[in-house]
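Only one structure is covered here, and it is reproduced in the block below.
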Amino acid sequence: MSSIQTIDGKQTKGLFCAATLWLEKGVQEVNALNVFPVPDGDTGTNMFLTMRSSIEEANAVDDSRASNVVQAVAKGALMGARGNSGVILCEIWRGMAEGIKDNDVMDGAGLANAFKISVEKAYKGLGNPVEGTILTVVKETASAALDKVKSGTNDILSVLEVMVAAAKRAVADTPKQLSVLRDAGVVDAGGQGLSIILEGALYYLKGDMACLQSQKPVMTVSSIPLVGGTAGTSKEEVESPYGYCTSFTIKGENLDPDKVRRKLSGMGESLVVIGESSIIKVHIHVLNPGKVLQFCARVGILDEIIIRNMDEQVRDYRKKMRQRAPEKNVAVLAVVPGDGMADVFRSEGADTLPGGQTMNPSTRELLDAVQEIRSKNIIILPNNKNIIPVSNRIEHLTDKTIKVVPSRTIPQGLEAVLAYNSEEGTDENLENMTKSLANARTIQITRAVRPAKIGAFKINHKQTMALLDEELVAVGKTLAEVFNEAMSKVDLGIASRVTMFYGNFTREDEAERLGRELRKKYANLTVDVLRGGQPYYNFIISII
């Protein structure tokens, strides 16, 4: 077996790049490992975007020393961390950076010791560490590495091999430690993501670039028989709200505009293809312009290429509007998943940032939004449990006073913003807004993205399901059936208001009909039916 004693900065950068490439190929499969079969399993996406931010930072530094690269990776992860999994991944790289310090190269012992510190960082970074998660996987991986070094081996390739093997075993064992994984029929998604990252790094050290280019990661199978169904690959594409406005010209002979149009029709939105046999004009809104250009370059010669980042255009517009706003004593920044909901939060005086299920904002995006707000005192409403960890980091990255009201759902965030008073101080607002979280109950209705068994519920693919305060309470064939069953789980006789935000995939007439029926049944209730504009979820419902 070949051996590699040490790797320098350039090799370290290549290792992280390969790991990111390998993870990108498994993003949808990792997303599909969500415990609840709802379309918000975004662990893979969050980890990949965090890794991509790390690579962007690493590419900007001198790679003469391994420590320079790892420190840049850690910095990039900090600024790009998304969701709980991204935050934990950030802690792992921070620990690794601390472990190799100022070293020019990294050997097996250095890697093992670095991961030992990563374990300490990762566990310390969470208020309530849970075994059977990515934390367990990194702990078992570090332990295996240290044991290998203690046996007398300092070869980094050999150490990384045992780390990958240990990671796979630890992922397979996660259902033994968490009954919720066992019942759902899945292994831990974050642990699986870390295992893939390490495997990609190993392929790079082995020089197996052909595998990295032509194959995809194989998901780890549980070491025990699972009660639920097997997690499949999610077909849901996670899209950012805007993407890239891409336009260009194709020149050549015997061109076929119809063929180009058919090929590009599934790649993006707002597609326009016009032309003739010698020239074709293309316009498309797309998340990955590279794929479009790669295909069209095979058709003819590309010219007049213009790519505009619509996300940046929207952010620039929002920044200008915030700069024009009067300075507030205390401001509120709410993360919201739909434009309809954003309108409601803004009407109550809050600034908003797009985000939520499947699109957790990064540390950098939250920090940029905070810096743009004309106030030295800002309260963040995450409105999603996965965005709370990133929100808690912002206070250490700015000289502004940042507080977080830990709203886990949109209804909780609405109650909090209703308790907000821009004339009061930060502490008074924080206290009042935090107390208000208990006032709201939340129902979320969506469709299952895969079969699963959760507690007493057996769920089929695409079946409608409802969660009450994050607990599964209803499963059925129709939206109306699940809506009524979920509502029956709440004592509406003592409630005063129900606000129904319907999403992009719900018809307005159906939402209005369900609202009318609810009003007829409960005369005491004020029922509002509003367009939320959220993706994936038919309804997000507030009950107070």
Side-chain angles (χ1 to χ4, degrees), residues 1-23 47 50-80 89-122 137-167 194-213:
M1 183 182 69
S2 61
S3 66
I4 299 176
Q5 293 300 314
T6 62
I7 58 174
D8 58 19
K10 185 176 181 180
Q11 291 170 308
T12 302
K13 184 183 292 186
L15 180 146
F16 276 101
C17 288
T20 303
L21 171 64
W22 196 236
L23 176 63
M47 294 184 78
T50 302
M51 288 295 295
R52 189 172 69 180
S53 178
S54 295
I55 296 305
E56 290 172 354
E57 191 71 30
N59 284 336
V61 302
D62 175 17
D63 61 10
S64 60
R65 310 177 76 183
S67 57
N68 290 348
V69 175
V70 180
Q71 286 165 9
V73 165
K75 180 181 177 182
L78 172 63
M79 299 309 298
L89 196 58
C90 167
E91 292 299 314
I92 293 172
W93 302 146
R94 286 181 64 208
M96 188 172 178
E98 184 176 317
I100 70 169
K101 294 182 179 178
D102 298 323
N103 295 341
D104 292 340
V105 298
M106 181 164 52
D107 57 14
L111 179 61
N113 290 326
F115 257 70
K116 178 185 177 182
I117 298 175
S118 293
V119 173
E120 297 168 359
K121 287 279 188 184
V137 176
V138 70
K139 180 177 67 176
E140 294 298 322
T141 300
S143 177
L146 290 168
D147 287 344
K148 185 68 174 177
V149 171
K150 288 177 182 177
S151 71
T153 299
N154 197 30
D155 171 13
I156 192 169
L157 178 58
S158 298
V159 172
L160 189 53
E161 282 181 330
V162 300
M163 291 173 71
V164 170
L194 178 60
S195 176
I196 291 173
I197 289 170
L198 294 173
E199 186 176 51
L202 179 61
Y203 280 133
Y204 172 80
L205 280 192
K206 286 183 172 181
D208 197 349
M209 302 306 293
C211 181
L212 283 170
Q213 295 292 338

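Positions are given from 1, in the same order as the sequence printed here. Everything numeric in this text was worked out from a predicted model, so none of it was measured.
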Note, [X] side chain near [Y] side chain (heavy atom, < 4.5 Å):
X	Y	answer
Gln71	Val61	no
Ile92	Leu194	yes
Leu15	Leu202	no
Leu111	Met163	yes
Gln11	Met106	no
Val105	Ile7	no
Asp63	Asp8	no
Ile197	Leu89	yes

Give me the atom names and distance for the closest heavy-atom approach of [X] to [Y].
X	Y	value
Val73	Ala58	CG2-CB, 4.0 Å
Ala167	Leu198	CB-CD1, 4.1 Å
Tyr204	Ala18	CB-CB, 3.5 Å
Ala77	Trp93	CB-CD1, 3.9 Å
Ala109	Asn154	N-OD1, 2.8 Å

Within the side chain of [X], is there an N or O that forms a donor-acceptor pair under 3.5 Å with the backbone of [Y]?
X	Y	answer
Asp104	Arg65	no
Asp208	Tyr203	no
Ser53	Thr50	no
Thr20	Arg52	no
Ser67	Lys101	yes

Test side chain to side chain contact (heavy atoms under 4.5 Å, CB included) applied to Ala144 - qualifying residues, sequence neighbours left out: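 By the side chain to side chain contact (heavy atoms under 4.5 Å, CB included) rule, Ala144 matches Ala166.
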
For the residue pair Ser64 and Asp62, confirm or rule out a side-chain donor-acceptor distance under 3.5 Å. yes

Is the number of heavy atoms from other residues, nucleotides or ligands within 6.0 Å of NZ (Lys75) greater than 12? no

In Asp147, Val149, Thr153, the residue satisfying side-chain contact (heavy atoms from CB on, under 4.5 Å) with Ser151 is Thr153

Check Glu98, Lys139, Met96 against Ser118 for a side-chain contact (heavy atoms from CB on, under 4.5 Å) and give me the one that passes.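 Checked Glu98, Lys139, Met96 against Ser118; only one passes side-chain contact (heavy atoms from CB on, under 4.5 Å): Met96.
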
What is the distance from atom [atom1] of [X] to atom [atom2] of [Y], rounded to the nearest 0.5 Å?
X	Y	atom1	atom2	value
Leu205	Asp155	CG	CG	9.0 Å
Trp22	Ser195	CH2	OG	11.0 Å
Ser158	Gln5	OG	CD	8.0 Å
Thr141	Leu146	OG1	CG	11.0 Å

If the threshold is 4.0 Å, N to carboxylate O, is there a salt bridge linking Glu161 and Lys148?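 No, Glu161 and Lys148 are not salt-bridged.
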
